[in-house]
**Student:** 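Pasting in a structure now, in structure tokens, and then I'll have a few things to ask.
We name chains A, B, ... by the order of the sequence lines, and we start the count at 1 in each one. Being a predicted model, the structure only gives us computed values, none of them experimental.
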Amino acid sequence: MPLQKKTRKMINDLLTLTLIEAGKALYGEKIPENIIQIQKTRPEFEGDLTIVVFPLLRISKKNPAQTADELGKYFVTNLENVVTYNVIKGFLNLTISNNYWLNFFNISKNQTDFGKKEITREAPVVIEYSSPNTNKPLHLGHIRNNLLGWSVSEILKANGENVKKVNLVNDRGIHICKSMLAWQKWGNGVTPASASKKGDKLVGDFYVLFDKKYKEEIAALTASGMEKEKAEKEAPLLVEAKQMLKKWETGDKEVRKLWAEMNGWVYDGFDVTYKRLGVEFDKIYYESDTYLLGKALVEEGLEKGVLFKKEDGSVWCDLSSDGLDEKLLLRADGTSVYMTQDLGTAQLRYNDYHPRELIYVVGNEQNYHFEVLRLILKKLGRPWAENIVHLSYGMVELPHGKMKSREGTVVDADDLMDEMYNTAKQTTEALGKYNDFTPVEADKLYHMLSLGALKYFMLKVDPRKTMMFNPAESIDFNGNTGPFIQYTHARIRSLVRKGKELGNNWQSVQYKDIEMAPKEKSLIKLLYDYPSTLEQAAQNFSPAMIANYVYDLAKEFNQFYQEITILKEEDSEKRNFRLALSEFTGNTIRAAMKLLGIEVPERM
RNA sequence: GGUCUCGUAGCUCAGCUGGAUAGAGCAGCAGCCUUCUAAGCUGCGGGUCGCAGGUUCGAGUCCUGCCGGGAUCACCA
């Protein structure tokens, strides 16, 4: 951990080293690194960085004010980057020289990969996300999943990881048989083409239809005197669906053919949604390919004696020594369950990549599942089970409560994006902006803004937390939103264009001894934080940290822009400096937004 | 009931390994476009950080208990 901290901030390292020196010089004792606390100076005080002296008192054996004062003097005389200091209570506020910040600025401003790290690690990080079922279209919950998975992948890449994005499609099981059966019975041969409907929507409709007819059957059976539980099990439709699943498992040609066809429709539909959302995968796994491997693992477990068979033939894993229950792995009839398939998928993925980390972006409702998955793999003698990370994100709630397909409160992914698009269009038109855009340009902008709003809204919240999705708020384009940041970028690009038109040339200049206004300095200091923010976001798998950072940056820039003249500044060095600062800020905004999967416009 | 998790302004959220007077946005009110894009900026009001103890020089942050919400404990996935 201290190592991580070390690489984070150059100036912090310098201060830490000097403080340790100071401890020896002034008090004859080595200050342990873990009690050194350096933080940003609060804006209401003078200074850039602050050392908290309370923990140091046991070494100085003096009161806080005196200790801080002695240390402050030491810093000023021994570290050229520290120009002055002040002491308030137990806090030593240090002011760092302008040239330190300017030096950072000169080095970084033209870097196209500012903040990023080279890919140095060979062993990949495999990240699974999306993981749809093929019986229903993608909805709001999937959107959070997809955006998180995508963004975390990008953040890890930017931190030097060799990332492989994978999807696991749950393409087999009773659910898809239900859709198939309903299509056979009531579909009249309809296809996505003949119905002019996205394939995932069409198949989803038949899933809903099955449920409706099934409920009718149950109602009829209970009306004729059957008990509800029995009716639920014996309704002819369900029995038929189960038979179909059996046929599927035995490889019945007709069933397999229909299955392949209908899943194909769904994939075509998913592709459209994925493309629009801007997510993609390096590899797609299908459970129909992995469940057999899962079964093989269960056999292995039986041979090794870590699993056991009950009298009815079902296979279990005893986890009571781990404080959990027994877990079923194969049904009495020999068919596999979710866990069986996931064991197989994990093994396959390990074989494919030998990853140093296996990340699963899956909702927190499956925390138990992943705990068990890890345990069973360990019992099966797979040491890499330790490398499984469950990126457990919180549910998305609506103002009325949880999304429930049965109650029609599901927010469909495609519909949501359509709505956002229309809002972007209306908002832009209402503001009367850029009527000179061609239809193609306008379409591109609306697409960018609508997705920017949606993605930013979803990603700015800590992934682990349950989040509230209020449609009315999510389409807001003011304040802490994606479009606000996109707007800031467009403003900067406008400045850059005009700056060039006016013949300014700021890029090759090295800036020294410039007297900085507070807003200029605070902007540079914020830019200085970007690399460490990126590192923290990767450590925490948290796009929210990037989102909050880039919002702060945009806000800071807007204040700077409001307060300080740029193009009309008469001193050319200052003018160039401000243009360079603006461009650097714009580039950082663009890079950070890219990690969230959000594009930024040149004009808006 | 067991396990896990969350509780910060009217609403949605920040608050890094414990540090200074807890911050944004939205909503409300009041200002700022003859000057670089007003999707912006400035100001005002709004809080016993669920409650009670504890550890500490110092707790929104760590520990314990309680209250309240959520998830999970399937021969569903």
**Student:** Watson-Crick or G-U wobble partner for B/rU37, using a 3.5 Å limit on both distances?
**Tutor:**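 In the structure as shown, B/rU37 has no Watson-Crick or wobble partner.
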
**Student:** Looking at A/K519 and A/E556, is any side-chain nitrogen of the basic one under 4.0 Å from a carboxylate oxygen of the acidic one?
**Tutor:**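 A salt bridge links A/E556 with A/K519.
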
**Student:** Taking everything shown except A/E46 itself, do over 12 heavy atoms lie less than 6.0 Å from its CD?
**Tutor:**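 At most 12 heavy atoms, drawn from other residues, nucleotides or ligands, come within 6.0 Å of this atom.
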
**Student:** For B/rG23, take OP1 and OP2 only and decide whether either is under 4.0 Å from a side-chain N or O of A/R42.
**Tutor:** yes

**Student:** By the 4.0 Å heavy-atom rule, please label A/I564 as base, sugar-phosphate, or nothing.
**Tutor:**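 Here A/I564 touches the bases of the nucleic acid.
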
**Student:** Check for me whether the distance between the ring centres of A/F484 and A/Y551 falls short of 6.0 Å.
**Tutor:**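 Between A/Y551 and A/F484, which both carry aromatic rings, the centre distance is below 6.0 Å.
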
**Student:** Which part of the nucleic acid, if any, lies within reach of A/P55 when heavy atoms closer than 4.0 Å are counted: base, sugar-phosphate only, or nothing?
**Tutor:** base

**Student:** What's A/E44 touching, base or sugar-phosphate or nothing? Going by heavy atoms closer than 4.0 Å.
**Tutor:** nothing

**Student:** Does any nucleotide pair with B/rU3 by Watson-Crick or G-U wobble geometry, both distances under 3.5 Å, and what is it?
**Tutor:** B/rA71

**Student:** Please work out which residues in residues 477-486 of chain A have a non-hydrogen atom less than 4.0 Å from an atom of RNA chain B and list them by number.
**Tutor:**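 Those residues are A/F477, A/N478, A/G479, A/N480, A/F484.
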
**Student:** Looking at A/D333 and A/R331, is there a salt bridge between them, counting it only when a charged N and a carboxylate O are closer than 4.0 Å?
**Tutor:**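 Between A/D333 and A/R331 there is no salt bridge, as every charged N stays at least 4.0 Å from the carboxylate O atoms.
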
**Student:** So if I define the base as every atom that isn't primed, P, OP1 or OP2, how would nucleotides 70-77 of chain B read as a B/S/- string at a heavy-atom cutoff under 4.0 Å?
**Tutor:** -SSS-BSB

**Student:** Using both distances under 3.5 Å as the test, list the Watson-Crick or G-U wobble partner of B/rU56, or none.
**Tutor:** none

**Student:** Do the side chain of A/N93 and the base of B/rA20 come within less than 3.5 angstrom through a donor-acceptor pair of N or O atoms?
**Tutor:**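 Looking at the base of B/rA20, it does pair with a donor or acceptor on the side chain of A/N93 (distance under 3.5 Å).
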
**Student:** Testing the 3.5 Å rule here: is there a donor-acceptor pair between the side chains of A/N558 and A/T488?
**Tutor:** yes

**Student:** By the salt bridge (charged side-chain N to carboxylate O under 4.0 Å, His left out) test, which pairs, at least two apart or in different chains, include something from residues 310-321 of chain A?
**Tutor:**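 Sorted pair list: A/K310-A/E326.
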
**Student:** For B/rG47, which nucleotide is its Watson-Crick or G-U wobble mate, given both distances must be under 3.5 Å?
**Tutor:**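 Pairing partner: none.
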
**Student:** Tell me whether the ring of A/F54 lies stacked over the B/rG19 base, given a 5.5 Å limit on centroids and a 30° limit on the plane angle.
**Tutor:** yes

**Student:** Base, sugar-phosphate, or nothing: which does A/N540 touch, judged by heavy atoms less than 4.0 Å apart?
**Tutor:**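 If one applies the 4.0 Å heavy-atom cut-off, A/N540 turns out to touch nothing in the nucleic acid.
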
**Student:** Choose from B/rA20, B/rA39, B/rU37 the nucleotide whose nearest atom is closest to any side-chain atom of A/T427.
**Tutor:**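 Of B/rA20, B/rA39, B/rU37, B/rA39 is nearest to the side chain of A/T427.
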
**Student:** Looking at A/Y291, is A/R172 sitting on its ring face, NZ or CZ under 6.0 Å from the six-membered ring centre and within 45 degrees of the normal?
**Tutor:**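 Yes, A/R172 and A/Y291 form such a contact.
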
**Student:** For A/N558 and A/A544, take the nucleotide of RNA chain B holding the closest heavy atom to each; which residue's nucleotide lies nearer the 5' end?
**Tutor:**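 Final value for this comparison: A/A544.
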
**Student:** Just one of A/L56, A/I36, A/T67 clears the side chain to side chain contact (heavy atoms under 4.5 Å, CB included) bar with A/I51, so which one?
**Tutor:** A/L56

**Student:** Hey, which sits more toward the 5' end of RNA chain B by its nearest nucleotide, A/Q39 or A/I492?
**Tutor:** A/Q39

**Student:** In terms of side-chain geometry, is the basic nitrogen of A/K525 or A/D529 positioned less than 4.0 Å from the acidic oxygen of its partner?
**Tutor:** no

**Student:** Do A/K327 and A/L375 have side chains that approach each other closer than 4.5 Å (heavy atoms only, starting at C-beta)?
**Tutor:**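 No, their side chains stay 4.5 Å or more apart.
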
**Student:** With syn defined as a glycosidic angle within 90° of 0 and anti as the rest, where does B/rC33 land?
**Tutor:** syn

**Student:** Are B/rG40 and A/Y561 stacked, with the base six-membered ring and the side-chain ring centres under 5.5 Å apart and planes under 30°?
**Tutor:**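 Whether judged by distance or by angle, A/Y561 falls short somewhere, so it does not stack on the base of B/rG40.
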
**Student:** Would you state whether a donor and an acceptor, one from the side chain of A/T488 and one from the base of B/rA39, lie under 3.5 Å apart?
**Tutor:** no

